[in-house]
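Scroll down for the structure; my scribbles are underneath it.
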There are 2 protein chains.
Amino acid sequence: MALEHAILVSLAERSASGYELARRFDASIGHFWSATHQQIYKVLGRMEDAGLVAVELIEQSGRPDKKLYAITEPGRTELRRWTAEPTPPERLRSTFAVKLRALPFGDRDAIVTDVRRQRDEHRATLRYYEESAARFYPDASNIGPDDLGGWLVLRGGIRTEEGAIAWCDEILQTLGER
Amino acid sequence: MALEHAILVSLAERSASGYELARRFDASIGHFWSATHQQIYKVLGRMEDAGLVAVELIEQSGRPDKKLYAITEPGRTELRRWTAEPTPPERLRSTFAVKLRALPFGDRDAIVTDVRRQRDEHRATLRYYEESAARFYPDASNIGPDDLGGWLVLRGGIRTEEGAIAWCDEILQTLGER
DNA sequence: GATCTCATGTAATCAGTTACATGATTTC
DNA sequence: GAAATCATGTAACTGATTACATGAGATC
């Protein structure tokens, strides 16, 4: 289960409450591993029982107490152990590809419109990634060792979006539309 | 739920038993939408109740009777309706990206080994796609209308694998390994 | 004799989504 | 006055995986 490990990575980068984690999963980390707050709370509870994370209760007035989660030594050990495991083959699920394959049985005009919309979204995501890269890693030729992971993931995101846009262009060209 | 629609597409292409569908989901269709036989049998039952598919029972000796499923008129209508819906944004889940991000907290050598293994797998998949393209679509400049969907999906698969390989190369280069 | 293919499923469990719930504080 | 932010969760449900079960015929 990679959600646990995604949480461990995020907490290793910086301790956080469940709420803050949920917001991270709406943004940076969420671009390659999404999760809702309900799920995060559930898993955090399980991880606390397992001793992978520790909680510090921070009392607040006017709102529920905040639970600040931090990775523990066993958590770091588990994270390290997990990174040494070979990554199992990812089985991707692409609704878009299913729909494309349905082309001979579907509504061609609607699909073309959808491909254009899809391309627009990929363009927006690409722009966002490029801005993130410029903001967080201004000197791309000299990335510090602690930033290497984040940088390489961002590079992967940029490549993925560029590839998706090029694919959409090819589809539109093949279907004779611009 | 796209599994239902993936099954509808597959049955629109050619009627099949649950077993045959399961094998298709191990191969061609499964490259972009995976499913096990247990899941397929379950969903097929539900789809039959909903009238999207019809069953013809074929008696056999020495093995269980075969149930040959075919798409029905309501099934075709539903498939057509679904293709006209805008595709919801796909939230990807990449264990590999999580692991990369864990680089500063993990076992660097093991991760490098894993990236190389990952690259090998993508190379093998790419080779497989290219062979499929050569076998099923020998004249790439002239694809028939019924083959357009399958061809474009295959093109997407090839692009995805090429992109993944290039990303792996970049990672290895950045980490100073070949 | 062992393993693979054909052919169907059930049961238990785990992961993930959607809906519901509360309530103060800050911003528009 | 409405909506967003902070902060926690529970409950019901759906989707997907893993394990178990059966049994004949074909191939190694």
Side-chain angles (χ1 to χ4, degrees), chain A residues 1-8 10-11 15-27 29-30 32-50 52-53 55-69 88-95 98, chain B residues 1-8 10-11 15-27 29-30 32-50 53 55-69 82 88-95 98:
Chain A
M1 228 261 294
L3 176 54
E4 275 177 4
H5 296 104
I7 289 176
L8 284 178
S10 201
L11 290 179
S15 296
S17 67
Y19 183 84
E20 286 170 313
L21 278 173
R23 285 197 313 157
R24 289 185 201 167
F25 277 83
D26 281 340
I29 292 242
F32 52 92
W33 200 277
S34 59
T36 60
H37 73 103
Q38 293 93 330
Q39 211 188 136
I40 289 167
Y41 284 125
K42 210 189 294 179
V43 173
L44 272 176
R46 195 203 299 159
M47 290 169 77
E48 199 201 331
D49 292 344
L52 300 171
V53 298
V55 192
E56 188 196 348
L57 221 124
I58 294 172
E59 287 181 47
Q60 299 188 127
S61 55
R63 57 184 59 172
D65 294 346
K66 183 195 276 199
K67 291 183 177 177
L68 190 70
Y69 287 91
E90 328 252 10
R91 18 179 82 189
L92 71 118
R93 294 250 157 92
S94 169
T95 312
V98 174
Chain B
M1 230 262 293
L3 175 55
E4 275 177 4
H5 297 104
I7 289 176
L8 284 178
S10 199
L11 290 179
S15 296
S17 67
Y19 184 85
E20 284 170 314
L21 277 174
R23 285 197 313 156
R24 289 186 201 167
F25 276 83
D26 281 339
I29 292 239
F32 53 92
W33 200 275
S34 58
T36 59
H37 73 104
Q38 293 92 332
Q39 210 187 137
I40 290 166
Y41 283 125
K42 210 189 295 179
V43 174
L44 272 176
R46 196 202 300 161
M47 290 169 76
E48 199 201 334
D49 291 344
V53 297
V55 192
E56 189 197 348
L57 221 125
I58 294 170
E59 287 181 48
Q60 299 187 128
S61 57
R63 56 184 62 172
D65 294 347
K66 183 194 276 200
K67 291 182 177 178
L68 190 70
Y69 287 91
W82 175 74
E90 328 251 10
R91 17 177 86 188
L92 71 118
R93 293 251 158 92
S94 169
T95 312
V98 175

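Only a predicted model underlies this, so the values are computations on that prediction, with no experimental measurement involved.
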Item checked: Phosphate-side-chain proximity, Arg46(A) and dC14(C), N/O vs OP1/OP2 below 4.0 Å -> no
Margin query: Quick check for you: among dT8(C), dA7(D), dA12(C), whose closest atom lies nearest to any side-chain atom of Lys66(A)?
Written below: dA7(D)
Note to self: Within this structure, what is the CZ-CG distance for the pair Arg46(A) and Leu3(A), rounded to the nearest 0.5 Å?
What the structure shows: 8.0 Å
Note to self: Closest-nucleotide mapping onto DNA chain C: is Tyr69(B) or Ala35(A) further toward the 5' terminus? I mean the 5' end.
What the structure shows: Tyr69(B)
Next item on the list: Indicate yes or no: at least one non-hydrogen side-chain atom of Trp33(A) is less than 4.5 angstrom from one of Thr95(B).
Entry: yes
Notebook entry, point to check: Side-chain N or O of Arg93(A) less than 4.0 angstrom from OP1 or OP2 on dA16(D)?
Noted result: yes
Next item on the list: Flag the pair Leu21(A) / Leu44(A) as yes when at least one side-chain heavy-atom distance between them is below 4.5 Å, and no otherwise.
Entry: yes
Checklist line | Approximate separation, where rounding is to 0.5 Å, of Asp26(A) CG and Thr36(A) OG1 | finding: 9.5 Å
Checklist line | Any Arg91(B) side-chain nitrogen or oxygen under 4.0 Å from OP1 or OP2 of dT17(C) | finding: yes
Next item on the list: Would you mind building the protein contact string for nucleotides 21-28 of chain C? One character per nucleotide, 5' to 3', B for base within reach (heavy atoms under 4.0 Å), S for sugar-phosphate only, - for untouched.
Entry: ---S----
Next item on the list: Taking only the side-chain heavy atoms of Gln38(B) (C-beta and beyond), determine which of dG16(C), dC6(C), dA19(D) contains the nearest atom.
Entry: dA19(D)
Check: Looking for any heavy atom pair under 4.0 Å, which part of the strands does Lys67(B) touch: base, sugar-phosphate only, or nothing?
Finding: sugar-phosphate
Notebook entry, point to check: Rounded to the nearest 0.5 Å, how far apart are CE of Met47(B) and CG of Leu11(B)?
Noted result: 6.5 Å
Notebook entry, point to check: At under 4.0 Å, does any side-chain N or O of Ser17(A) touch on OP1 or OP2 of dT8(D)?
Noted result: yes
Notebook entry, point to check: Checking all strands, does Gln60(B) fall into the base, sugar-phosphate, or nothing category for heavy-atom contacts under 4.0 angstrom?
Noted result: sugar-phosphate
Note to self: Main chain of Gly45(B), side chain of Glu48(B): is a donor-acceptor contact present, judged purely on distance under 3.5 Å?
What the structure shows: no
Next item on the list: To the nearest Å, give me how far apart NZ (Lys42(B)) and P (dA19(D)) are.
Entry: 15 Å
Check: Can any side-chain N or O of Arg24(A) pair as donor or acceptor with the backbone N or O of Gly30(A) at less than 3.5 Å?
Finding: no
Check: Given dG9(D), dA16(D), dC6(C), which nucleotide is nearest the side-chain atoms of Tyr41(A)?
Finding: dG9(D)
